[in-house]
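What follows is one structure encoded as structure tokens, with my remarks underneath.
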Amino acid sequence: MISRFFIDRPIFAAVISVIITLTGGIFVWTLPITQYPDITPPTVSVSCFYPGASSTVVAETVASPIEQQVTGVENMLYMSSQCTNDGGYNLTVTFDVGTDLDMAQVLVQNRVNLALPSLPSEVKQTGVSVKKKSPSILLVVNLVSPDKSRDQLFLSNYATIRLRDELARLPGVGDLSFLGQLDYSMRVWLDPDRMATLGLTASDVAAAMREQNVQVAAGSLGRAPTPAGEAFQYTLNTLGRLTDPDQFANIIVKVADNGRVVRLRSVVTDPWTDENGKQFGGIQLGAKNEDTSCSLDGNPSIGIAIFQLPGSNALDTAKVIRERMEELKKGFPNGVDYKIIYDTTPFISESIFEVFKSLRDAIVLVAIVVLVFLQTWRASLIPLIAVPVAIIGTFAVMSGIGYSLNNLSLFGLVLAIGIVVDDAIVVVEAVEHKIEHGLNPRQATIEAMNEVAGPIIAISLVLMCVFIPCIFISGITGQFFRQFAV
């Protein structure tokens, strides 16, 4: 039998135990740490913007063409969409558990490309984005202005320009999204009466702005082929995209028959201010959309929601983010600071620490129980050696099938301690019983294993039938075995 093979070769059995322990001890440092296993179906988000359209128009002209193409994509479970009255559209496609999220994004992108010719030109200009969407937020970095010297518009654009790329490239960060995002844009307030007098429409003004607010490739002078005697070549640089309100004010929107030039400044309203001192009207550099706001403790703020990359270590990712924010804080302008109020990692670390305490307490209680009932230290050492070998070796298996250290997996290890100890106690008690009848330790061990090996194997098989199906709940192991099946 297998037991006789190892009884006759104790050094070989010890070497195997050492290898199992070392392998598990190495892989435990590579396991991702999360609060709960990744059991949420992966999702892909499709979003776009139709300026000036109502929710009904967005549903008819944007949502319908996209959803007709996306529906039925491989491994899709269901999809849900939202159309807002500010022209926004968002489609969330949910896939089967275990689906490769990168491949799902490619499949959805291909379907969206088929719908692009049917979308309005305004939507094509702003673009349709297809992104992987994580189901839960790891933490939120709030950029704030404690002295209220910076408004939400400034904080939003500072976070977009200076912080977004820095945080997105950190290891373990899957995606970023802004809470209360405001983007800089040139706002032009048109006067209907002045436009009617000059025979202009809003479309005429918009077309003139598009034509004259472009980056032009002006070429060069003196470039070959040229007449003889040309000694120099000059590259022409022209004013490209406009950035200043005065530059926009000089845009020509109409040229009359008599040669009179009508500029943009002639068809805008006169500036005015509200009771809060905020300026409106005319031509001003402001927010593209002002329908969102964000504050923290009454101060202007912008929230940067950071999503964890699937399979990464939540604690390490949060630590890297905090360290990077401390480095970036040194370059913050006056009146800008950051705070991290929403953070899920303290709950993860505390819950995992409590589970590790349960593991420790279980091992100590096992030692006490064995010592009290068997009344020998030698018998107590066997379970204390078997438990670490079995538990630590399990980490290597968890790494191989793509599992993480979380509350549920660690709780399963607590249950496994009881199973391992039960088998160890049965064997130790049987051996002690044979020794009491005068047999030497080796012969007592052989006869005890001949008696209890069959029942122990039967019990182990029964427990495997109960617990092994549970590992397929997350879908990760199912994907692992499907790869070999294919």
Side-chain angles (χ1 to χ4, degrees), residues 45 47 49 51-52 55 82-90 92 126 129 131 133-168 170 173-187 189 271-282 284-308 314 317-318 320-347:
S45 176
S47 59
F49 184 71
S55 59
Q82 293 180 338
C83 302
T84 58
N85 278 324
D86 61 352
Y89 171 71
N90 184 74
T92 301
T126 56
S129 63
K131 297 181 178 180
K133 187 176 182 181
S134 181
S136 59
I137 299 176
L138 177 65
L139 56 83
V140 177
V141 179
N142 284 93
L143 204 63
V144 297
S145 178
D147 57 1
K148 298 183 180 182
S149 60
R150 308 290 185 175
D151 57 5
Q152 182 183 348
L153 178 60
F154 176 87
L155 296 175
S156 176
N157 284 270
Y158 184 85
T160 302
I161 297 173
R162 298 296 182 88
L163 302 183
R164 183 185 183 92
D165 294 339
E166 295 289 341
L167 296 177
L170 294 177
V173 176
D175 191 17
L176 300 177
S177 65
F178 286 90
L179 308 177
Q181 182 177 11
L182 299 177
D183 295 328
Y184 273 119
S185 179
M186 195 63 64
R187 303 181 65 90
W189 303 72
W272 78 90
T273 57
D274 61 2
E275 61 275 5
N276 296 323
K278 188 174 182 179
Q279 183 176 353
F280 297 93
Q284 60 175 191
L285 182 64
K288 181 178 180 180
N289 299 301
E290 296 187 352
D291 51 1
T292 60
S293 62
C294 181
S295 61
L296 180 64
D297 297 332
N299 299 322
S301 175
I302 176 69
I304 308 175
I306 301 178
F307 297 88
Q308 180 186 354
T317 302
V320 171
I321 292 172
R322 291 180 179 274
E323 292 176 351
R324 186 55 181 160
M325 287 303 302
E326 285 296 325
E327 296 176 1
L328 296 174
K329 182 179 178 180
K330 300 176 182 178
F332 283 0
N334 296 331
V336 177
D337 196 2
Y338 85 94
K339 295 182 180 180
I340 299 179
I341 304 299
Y342 179 83
D343 187 0
T344 61
T345 54
F347 303 98

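These values consider heavy atoms only, across backbone and side chains, with no hydrogens, waters or symmetry-generated copies.
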key: side-chain hydrogen bond (donor to acceptor under 3.5 Å, both in side chains) involving Thr126 - partner list, sequence neighbours excluded   =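 side-chain hydrogen bond (donor to acceptor under 3.5 Å, both in side chains) list for Thr126, sorted by chain: empty.
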
Just wondering, do [Y] and [X] contact through their side chains at under 4.5 Å, heavy atoms?
{"X": "Phe332", "Y": "Arg162", "answer": "no"}
{"X": "Leu138", "Y": "Phe307", "answer": "no"}
{"X": "Val140", "Y": "Ile341", "answer": "no"}
{"X": "Ile304", "Y": "Leu176", "answer": "yes"}
{"X": "Val336", "Y": "Phe154", "answer": "yes"}

key: Pairs satisfying side chain to side chain donor-acceptor pair (under 3.5 Å), at least one member in residues 147-157, at least two apart   =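 For residues 147-157: Ser145-Asp147, Asp147-Ser149.
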
Any idea which heavy atoms bring [X] and [Y] closest together, and the distance?
{"X": "Asn142", "Y": "Gly303", "answer": "ND2-CA, 3.8 Å"}
{"X": "Tyr158", "Y": "Gly331", "answer": "OH-O, 3.4 Å"}
{"X": "Ile321", "Y": "Leu167", "answer": "CG2-CD2, 4.4 Å"}
{"X": "Pro146", "Y": "Gly335", "answer": "CD-O, 3.7 Å"}
{"X": "Trp272", "Y": "Gly281", "answer": "CZ3-CA, 3.5 Å"}

ask   = Are Ser55 and Asn85 linked by a side-chain donor-acceptor pair shorter than 3.5 Å?
value =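 There is such a pair between these side chains.
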
Rounded at 0.5 Å granularity, tell me how far [atom1] in [X] sits from [atom2] in [Y].
{"X": "Cys294", "Y": "Leu182", "atom1": "SG", "atom2": "CG", "result": "9.5 Å"}
{"X": "Ile306", "Y": "Ile137", "atom1": "CD1", "atom2": "CD1", "result": "10.0 Å"}
{"X": "Leu285", "Y": "Ser185", "atom1": "CG", "atom2": "OG", "result": "8.0 Å"}
{"X": "Leu155", "Y": "Thr160", "atom1": "CG", "atom2": "OG1", "result": "10.5 Å"}

ask   = Judged by atom type as modelled, is there a donor-acceptor pair below 3.5 Å linking the side chain of Ser301 to the main-chain atoms of Leu143?
value =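 Side chain of Ser301 to backbone of Leu143: a pair is present.
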
task = Begin with the C-alpha distance, continue with both residues' side-chain angles, and end with the deciding distance and a verdict on side chain to side chain contact (heavy atoms under 4.5 Å, CB included) for Lys339 and Asp297.
result = CA-CA 11 Å; Lys339 295 182 180 180; Asp297 297 332; 3.9 Å; yes

Which donor-acceptor pairs under 3.5 Å do side chains of residues 322-329 form with protein atoms, sequence neighbours excluded?
from	atom 1	to	atom 2	distance (Å)
Arg322	NH2	Asp343	OD2	2.6
Arg324	NE	Glu166	OE1	3.3
Arg324	NH1	Glu327	OE1	2.6
Arg324	NH2	Glu166	OE1	2.5
Glu326	OE2	Tyr338	OH	2.6

